[in-house]
Amino acid sequence: MGHRAAEILHVDMDAFYASVELLRRPELRGRPVIVGGAGPRGVVAAASYEARVFGIHSAMASTRARRLCPDAVFLPGDHAHYAEVSSRVMAILRSFTPLVEPLSLDEAFLDVGGAVRREGSPVELAHSIRDRILAEEQLTCSVGVAPNKFLAKLATEDAKPGPGPDGPVPGAGVRLVRPEEVQAFLDPLPIRAIWGVGPATAARLDRLGVGTVADLRRVPLQTLVASLGSAHGQHLHELARGIDDRPVTPDQEAKSVSHEETFAADIHDGTRLQAEATRMADAVGRRLRSMERRGRTVSIKVRYGDFRTLTRATTLRSPTDSSAVIAREAKQLLARLDPTPGVRLLGVGVSGIARPGEGEQLSFDDLAEHRRAEDALDDIRERFGSDVIGPASSLGSGGLRTKRQGEQQWGPSGEGG
């Protein structure tokens with residue numbers, strides 16, 4: 001089967017969070033820097049290439065990272081700042097083509113098929129993107145250029161810098177996979193390089209004698225389906241041949257909005273959990289209102305100290321963006337769970353998101369007085385900052401503890417009790 005022209009780009013910022021922090025802390029350049037939660041329950045969000053020499057990587061437990069590199073500098077994550085930088089980077093990408101699909105704050109797919117005639121070849125576009133981001137943001141990125149998303153993302157990995165004993169080892173920056181090179185590019189790769197191949201799938205493939213993509217390509221489709229199921233077997237059969245028909249989809253609507261927090265020490269007190277739920281609901285409602293969206297399903301997530309995880313949800317008659325309504329429903333769900341074993345993590349979310357007016361019924365929760373009060377709170381926060389006003393339950397000895405987007409998502413920095 002032939003492949004389309006190599007007009008899909010995957011742009012991935014290099015060690016994004018760590019690199020952004022080093023712009024603010026240039027004195028730390030050349031040192032092993034880790035962004036994330038520094039406490040016993042923290043995780044690594046990003047590591048500089050100097051830290052990666054020690055085997056440190058994102059999602060690693062911070063305690064293990066500290067053992068691997070006792071001299072590492074830990075910096076707390078600043079999601080709001082990273083989002084601000086990311087928005088500028090995404091604006092640069094959209095200046096080349098409107099077909100930009102962000103995957104996260106630091107990576108995106110681009111379809112440059114329509115831009116090639118104006119701007120040059122896809123590879124020239126990739127270099128122009130790197131030059132613009134470096135000039136305007138003083139940050140580096142790597143770009144994969146290929147016929148589809150799957151191949152472009154793999155190509156990016158090939159283009160990235162790597163850790164070396166004396167600092168980062170520069171990568172190519174841009175890696176092109178031409179249509180006629182697809183199989184030669186894929187075949188030597190380890191099977192874990194393929195999307196959807198986790199430990200369980202890798203173990204099953206290992207029993208079939210599959211260690212590389214080339215090995216996978218030689219397994220008959222019927223055998224893969226028998227071992228992995230129809231959908232997964234077909235999926236891997238296609239990816240082993242470099243087939244991926246998914247289009248670049250710009251500006252995908254958020255399907256849910258949520259906040260969750262891992263506590264420095266397990267919480268056994270139901271009253272305190274209710275207060276934490278109110279604080280998270282306040283942030284979820286604020287984000288919904290800023291997005292001009294409402295949601296119909298309120299959910300909570302509770303993880304106990306033994307890592308047992310429960311989720312509970314309730315569906316409203318009418319979508320809402322009211323923090324008070326979200327808090328009320330979340331607390332009712334929480335009241336049905338026993339906190340005494342100790343709660344390690346709590347999350348509050350809203351899904352079933354729609355634009356205001358879509359499928360709504362008038363309810364008491366949306367009366368004008370009620371809505372005006374929350375709009376007034378949003379206005380005050382916009383003018384004077386998010387810490388000046390909030391739910392009474394957010395008031396602690398150090399003032400208001402309002403929840404910000406992305407805050408504490410890599411675990412608590414404080415010591416547990």
Side-chain angles (χ1 to χ4, degrees), residues 1-14 16 82-83 85-133 136-137 139-160 171-183 185-186 189 193-197 213 231 234-256 291 293 353 355:
M1 176 180 172
H3 292 278
R4 59 169 279 183
E7 296 176 341
I8 303 298
L9 273 55
H10 176 252
V11 178
D12 196 1
M13 304 301 294
D14 298 330
F16 181 55
Y82 307 149
V85 177
S86 172
S87 68
R88 297 198 298 265
V89 169
M90 295 299 167
I92 291 172
L93 300 184
R94 291 187 183 98
S95 72
F96 288 88
T97 172
L99 296 177
V100 176
E101 179 183 338
L103 300 181
S104 60
L105 293 182
D106 60 345
E107 62 176 320
F109 285 116
L110 289 73
D111 186 332
V112 298
V116 167
R117 290 182 294 278
R118 300 190 313 271
E119 308 281 354
S121 74
V123 169
E124 289 171 329
L125 280 167
H127 283 290
S128 296
I129 287 169
R130 295 186 78 238
D131 292 344
R132 279 273 306 278
I133 292 174
E136 296 182 24
E137 296 297 332
L139 295 168
T140 63
C141 67
S142 301
V143 187
V145 185
N148 59 47
K149 287 180 170 182
F150 167 61
L151 295 167
K153 190 169 173 69
L154 288 177
T156 307
E157 289 302 314
D158 219 29
K160 277 194 161 296
V174 175
R175 172 68 158 92
L176 168 66
V177 178
R178 296 181 175 88
E180 63 272 19
E181 299 170 338
V182 168
Q183 220 56 64
F185 171 69
L186 281 177
L189 296 176
I194 288 190
W195 288 350
V197 178
V213 175
Q234 179 72 39
H235 178 65
L236 294 186
H237 176 80
E238 291 178 355
L239 291 186
R241 289 156 177 77
I243 299 169
D244 178 16
D245 296 327
R246 294 168 306 146
V248 172
T249 309
D251 300 324
Q252 295 189 72
E253 289 277 348
K255 295 180 175 61
S256 64
M291 295 162 57
R293 297 293 184 271
I353 291 178
R355 298 172 188 273

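Quantities reported herein were computed from a predicted structural model and do not represent experimental measurements.
- In this structure, CZ in R241 is found 4.0 Å from NE2 in H237, a value given to the nearest 0.5 Å.
- The backbone N or O of I353 lies less than 3.5 Å from no partner atom in the side chain of K255, so there is not a single donor-acceptor pair.
- For the atom pair L93 CG and L125 CG, the distance stands at 11.5 Å (nearest 0.5 Å).
- In this structure, P122 and A6 approach most closely via the heavy-atom pair CG-O, 3.2 Å.
- No side-chain heavy atom of S121 sits under 4.5 Å from any side-chain heavy atom of H127.
- Using modelled atom types, no side-chain atom of E107 and backbone atom of D12 make a donor-acceptor pair closer than 3.5 Å.
- Using cut-offs of 30° and 60° on the angle between ring planes, the pair F150 and W195 is perpendicular.
- Nearest heavy atoms, V248 versus P250: O-CD, 3.4 Å.
- Within 6.0 Å of CZ on R88 lie more than 12 heavy atoms contributed by other residues, nucleotides or ligands.
- The closest donor-acceptor contact from the side chain of Q183 to the backbone of A240 lies under 3.5 Å.
- With sequence neighbours left out, the ring pair (Phe, Tyr, Trp, His ring centres under 6.0 Å) criterion links F16 to no other residue.
- Remark: A126 engages L9, V143, V145, V174 in a side chain to side chain contact (heavy atoms under 4.5 Å, CB included) (not counting sequence neighbours).
- With hydrogens and angles ignored, the 3.5 Å screen pairs no side-chain donor or acceptor of R175 with any backbone N or O of T156.
- The OG atom of S128 sits 11.0 Å away from the CD1 atom of I133 when rounded to the nearest 0.5 Å.
- Every residue was checked against the ring pair (Phe, Tyr, Trp, His ring centres under 6.0 Å) condition with F96, not counting sequence neighbours, and none meets it.
- Across V177 and A155, no two heavy atoms sit closer than the pair CG2-CB, 3.9 Å.
- The side-chain hydrogen bond (donor to acceptor under 3.5 Å, both in side chains) check on S95 picks up R132, with sequence neighbours excluded.
- Checked against salt bridge (charged side-chain N to carboxylate O under 4.0 Å, His left out), E238 has no partners two or more places apart in sequence or in another chain.
- The CG atom of L239 sits 8.5 Å away from atom CG of N148, with the distance rounded to the nearest 0.5 Å.
- When every heavy atom of E101 is checked against every heavy atom of P247, the shortest pair comes out as OE1-O, 3.7 Å.
- The side-chain heavy atoms of L105 and M13, taken from C-beta on, include no pair separated by under 4.5 Å.
- Contacts of D14 classified as side-chain hydrogen bond (donor to acceptor under 3.5 Å, both in side chains), with partners at least two apart in sequence or in another chain: T140, S142, K160.
- Taking each heavy atom of P147 and P179 in turn, the nearest pair found is CG-CA, 4.1 Å.
- R130 and C141 get closest at one heavy-atom pair: NE-O, 2.7 Å.
- Considering only heavy atoms from C-beta on, D111 stays 4.5 Å or farther from T97 through its side chain.
- With a 4.5 Å cut-off on side-chain heavy atoms, R178 and L176 count as touching.
- The CG atom of L151 sits 12.0 Å away from the CG atom of D158 when rounded to the nearest 0.5 Å.
- Here the rule is side-chain contact (heavy atoms from CB on, under 4.5 Å) with V89, and of E136, E137, R94 only E137 fits it.
- Here E124 contributes atom CD and D131 contributes atom CG; the two are 11.5 Å apart, rounded to the nearest 0.5 Å.
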